[in-house]
Visitor: 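Structure in structure tokens, see below.
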Amino acid sequence: MDRIQPQSTELRRLLDERTADLQRVKAEYDNYRKQVRRDRMAVREIATENVLRALLPVLDAVEAARRQEEAMPSGLRAVVDVLGSQLGTLGLQSFGEEGEPFDPTCHEAVTHVVAADAECLVCTEILSPGYRVGDRLLRPARVTVTGPPPAGGTVGGGWTRAGLGGTVRPEPGGGGPAALWRRP
């Protein structure tokens, strides 16, 4: 009997050790599966964004055709409607409405009209709509804004970033939609 007890204790220890190893391997595998699932979703979202970004010129052409609705044949109108609904199922959202407050994170001001009685910058004309997928911006809306005169002075060469006024132009060399410059 003395021999059975030590073997039983040794077997119990080995069993516990193997069980712990198995639980660790199972946890690692579960974490791996979750990571692969997250990676697949990220790749899918990026691929969808790339396809939708490539279709933005098509949407611009559709929007131009929509503006001339009387010249658009009914068959083309049906294609436009189906295209819009299918892109919506992929999560594409159009934005940019006249009268909404100017937000430099999602609007690109192309022109600024000074209105002395205005309190804040407002989008008064949508030159091209902006698009997003979920919370990711694909393209800012290009707009004309109306608002108060700028509160700043000029900097070397007459260009200023102190505010918007006169005709607004994108920053030379890029800088994104919020980087606006003007010549007084």
Side-chain angles (χ1 to χ4, degrees), residues 33-150 161 163-183:
R33 280 188 18 220
K34 290 175 187 174
Q35 181 64 40
V36 166
R37 188 177 304 128
R38 281 191 301 266
D39 290 349
R40 284 182 182 163
M41 291 301 292
V43 166
R44 180 178 178 209
E45 288 173 5
I46 290 169
T48 300
E49 287 176 21
N50 288 339
V51 168
L52 292 174
R53 191 172 278 119
L55 288 174
L56 292 182
V58 174
L59 295 175
D60 290 338
V62 164
E63 188 62 32
R66 228 183 227 156
R67 288 184 186 140
Q68 301 173 357
E69 194 164 323
E70 66 278 350
M72 188 187 323
S74 63
L76 181 58
R77 193 172 304 127
V79 169
V80 166
D81 293 340
V82 170
L83 177 65
S85 66
Q86 290 300 311
L87 292 176
T89 62
L90 292 174
L92 185 69
Q93 301 168 341
S94 173
F95 67 91
E97 298 287 327
E98 291 181 7
E100 68 185 16
F102 175 72
D103 180 359
T105 61
C106 63
H107 296 115
E108 179 179 348
V110 177
T111 307
H112 177 237
V113 178
V114 175
D117 60 337
E119 294 179 21
C120 64
L121 295 174
V122 175
C123 300
T124 52
E125 182 182 0
I126 308 302
L127 303 173
S128 63
Y131 294 97
R132 68 172 48 106
V133 175
D135 61 348
R136 298 184 83 166
L137 181 69
L138 293 182
R139 180 179 78 187
R142 299 187 71 205
V143 299
T144 297
V145 295
T146 300
R161 283 190 74 148
L164 304 177
T167 300
V168 177
R169 303 175 196 182
E171 176 181 337
L180 302 173
W181 295 77
R182 74 168 176 91
R183 172 163 247 133

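Please read all numbers here as calculations on a predicted model, not as lab measurements.
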Visitor: Any side-chain heavy-atom pair from Thr146 and Val114 closer than 4.5 angstrom?
Guide: no

Visitor: Any chance you could lay out the side chain to side chain contact (heavy atoms under 4.5 Å, CB included) test for Tyr131 and Leu56, step after step, and finish with the verdict?
Guide: CA-CA 8 Å; Tyr131 294 97; Leu56 292 182; 3.4 Å; yes

Visitor: When you look at Leu52 and Val133, which way does the side chain to side chain contact (heavy atoms under 4.5 Å, CB included) test go after all the steps?
Guide: CA-CA 9 Å; Leu52 292 174; Val133 175; 3.5 Å; yes

Visitor: Thr48 versus Leu92: any side-chain heavy-atom pair under 4.5 Å?
Guide: no

Visitor: Thr111 vs Val143, test: side chain to side chain contact (heavy atoms under 4.5 Å, CB included). Steps then yes/no.
Guide: CA-CA 7 Å; Thr111 307; Val143 299; over 6 Å; no

Visitor: Could you go through Val62 and Leu83, starting from their C-alpha distance and side-chain angles, then the distance that decides it, and tell me whether this counts as side chain to side chain contact (heavy atoms under 4.5 Å, CB included)?
Guide: CA-CA 10 Å; Val62 164; Leu83 177 65; 4.1 Å; yes

Visitor: Within a reach of under 6.0 Å around CD of Glu119, are more than 12 heavy atoms found that belong to other residues, nucleotides or ligands?
Guide: no

Visitor: Does a sphere of radius 6.0 Å around CZ in Arg38 hold more than 12 heavy atoms from other residues, nucleotides or ligands, not counting ones at 6.0 Å or beyond?
Guide: yes

Visitor: Can you name the one residue among Val51, Leu55, Asn50 that meets side chain to side chain contact (heavy atoms under 4.5 Å, CB included) with Arg53?
Guide: Asn50

Visitor: Does CZ belonging to Arg136 count more than 12 external heavy atoms closer than 6.0 Å?
Guide: no

Visitor: Between Asp60 and Arg139, is there a salt bridge with N-O shorter than 4.0 Å?
Guide: yes

Visitor: If you define the side chain from C-beta out and look only at heavy atoms, does anything of Arg142 sit under 4.5 Å from Ser128?
Guide: yes

Visitor: Is the closest side-chain heavy-atom distance between Ser94 and Pro129 below 4.5 Å?
Guide: yes

Visitor: Considering only heavy atoms from C-beta outward, does the side chain of Phe95 approach that of Arg132 to under 4.5 Å?
Guide: yes

Visitor: Thr144 and side chain to side chain contact (heavy atoms under 4.5 Å, CB included): which single residue from Glu98, His112, Glu125 fits?
Guide: Glu125

Visitor: Under a 4.5 Å cut-off applied to non-hydrogen side-chain atoms, are Leu138 and Glu49 in contact?
Guide: yes

Visitor: Counting neighbours of CD on Glu97 that are heavy atoms of other residues, nucleotides or ligands and sit closer than 6.0 Å, is the number greater than 12?
Guide: no

